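So the structure is just underneath, and the comments pick up after that.
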Amino acid sequence: MTSRPVLLVIAHGSRDPRHAATVHALVRRVRARRPGLRVETGFLDFNIPSVPGVLESLAAEGVRDVVALPLLLTRAFHAKADIPAVLREAPARLRIHQAEVLGPSPLLTAALERRLYEAGLTPADKSSTGVVLASAGSTDPEAIAVIAEIAREWRHTGWCAVRPAFASASLPRTEDAVRELRALGCARVAVAPYVLAPGFLPDRIARGSAEADVLADVLGPAPEVARVLLERYDEARVPVPAALGA
């Protein structure tokens, strides 16, 4: 039987202990969905084990193939620069394939709706509810454009309106998007954090939701998120034919 590559989930890390706890809960769900797949976790900053430390350990064990999966929702600086730089310093014996970031994905949109319904909404509320799609924010225009497109597409599934908002680096802020939806005449306003784990910026989103009617939880270990992780793993471990990859 061909050995499957190890899945290394690369998380940003945070001084907030809720961040690592949420990452580990998500990884446990991934392991439960794919028994027999070895899944490791490494952090870029603040938490241990570090990504270089995990890679060194895997190489010392004799592991050859690794799929490095950025636990990120958009392709911004960390996915384009930080993570590739760390992976370039990995032990030479490792063959590493960097998977794509998680978003966008219909599964993530389904996870956002799951969190809204868990927070008290029902499908019958959609047509009268405006939603703020609140992300961490980025200086990367590509990442900002992706969030705006997710909001546009999500609006077409029946919500009164959907507006993107950002906790940092970009505008509008969550509180401004909440007021805009209120001014549009939506009967209720809900905030859906498009973030994976608690921390400084999700807390800022929560503070900006003071005038909203509903604040959903972060995506965290939602089953849909675990499914996306495994999709990205499977995509990364399938070799691209030379004619297509040229």
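Values in this document were obtained by computation on a predicted structure and should not be read as measured data.
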Q. Restricting to pairs with a member in residues 132-144, which pass salt bridge (Lys or Arg N to Asp or Glu O under 4.0 Å), not counting sequence neighbours?
A. R75-E142, K80-D140, K80-E142
Q) What pairs of residues pass the ring-ring contact (aromatic ring centres under 6.0 Å, His included) test when at least one of them lies in residues 141-181, not counting sequence neighbours? A) W154-W159
Name the atoms and distances for all side-chain donor-acceptor pairs under 3.5 Å in residues 97-106, with sequence neighbours left out.
from : atom 1 : to   : atom 2 : distance (Å)
Q98  : NE2    : A79  : O      : 3.2
S105 : OG     : L107 : N      : 3.1

Q | Any pair counted as ring-ring contact (aromatic ring centres under 6.0 Å, His included), so long as it reaches residues 104-132, sequence neighbours left out | A | none
(Q) Show every salt bridge (Lys or Arg N to Asp or Glu O under 4.0 Å) that has at least one partner inside residues 164-176, sequence neighbours left out. (A) D176-R179
Q. Of all residues at least two apart in sequence or in a different chain, which pass the side chain to side chain donor-acceptor pair (under 3.5 Å) check with R28?
A. none
Q: Any pair with a residue in residues 85-98 that passes salt bridge (Lys or Arg N to Asp or Glu O under 4.0 Å), sequence neighbours left out, goes on the list, sorted by first then second residue, please.
A: D65-R95
Could you go through residues 35-43 and list every donor-acceptor pair under 3.5 Å that involves a side-chain atom there, pairing it with any protein atom two or more places apart or in another chain?
from : atom 1 : to  : atom 2 : distance (Å)
R38  : NE     : E40 : OE2    : 2.8
R38  : NH1    : E61 : OE1    : 2.7
R38  : NH2    : E40 : OE2    : 3.2
R38  : NH2    : E61 : OE1    : 3.2
R38  : NH2    : E61 : OE2    : 3.0

Q: If you link ILVMFWY side chains whenever their heavy atoms are less than 4.5 Å apart, which other residues fall into the same cluster as V178? By chain and number, please.
A: V132, L181, L184, V189, V191, V195, I205, L215, V218
Q) Tell me the side chain to side chain donor-acceptor pair (under 3.5 Å) pairs involving residues 182-202, sequence neighbours left out? A) S128-R188, T129-R188, R182-D213
Donor-acceptor pairs under 3.5 angstrom involving side-chain atoms of residues 223-230: please list them, not counting sequence neighbours.
from : atom 1 : to   : atom 2 : distance (Å)
E224 : OE1    : R114 : NE     : 2.9
E224 : OE2    : R114 : NE     : 3.0
E224 : OE2    : R114 : NH2    : 3.0

Q. Going by the salt bridge (Lys or Arg N to Asp or Glu O under 4.0 Å) test, which pairs reach into residues 44-55, not counting sequence neighbours?
A. none
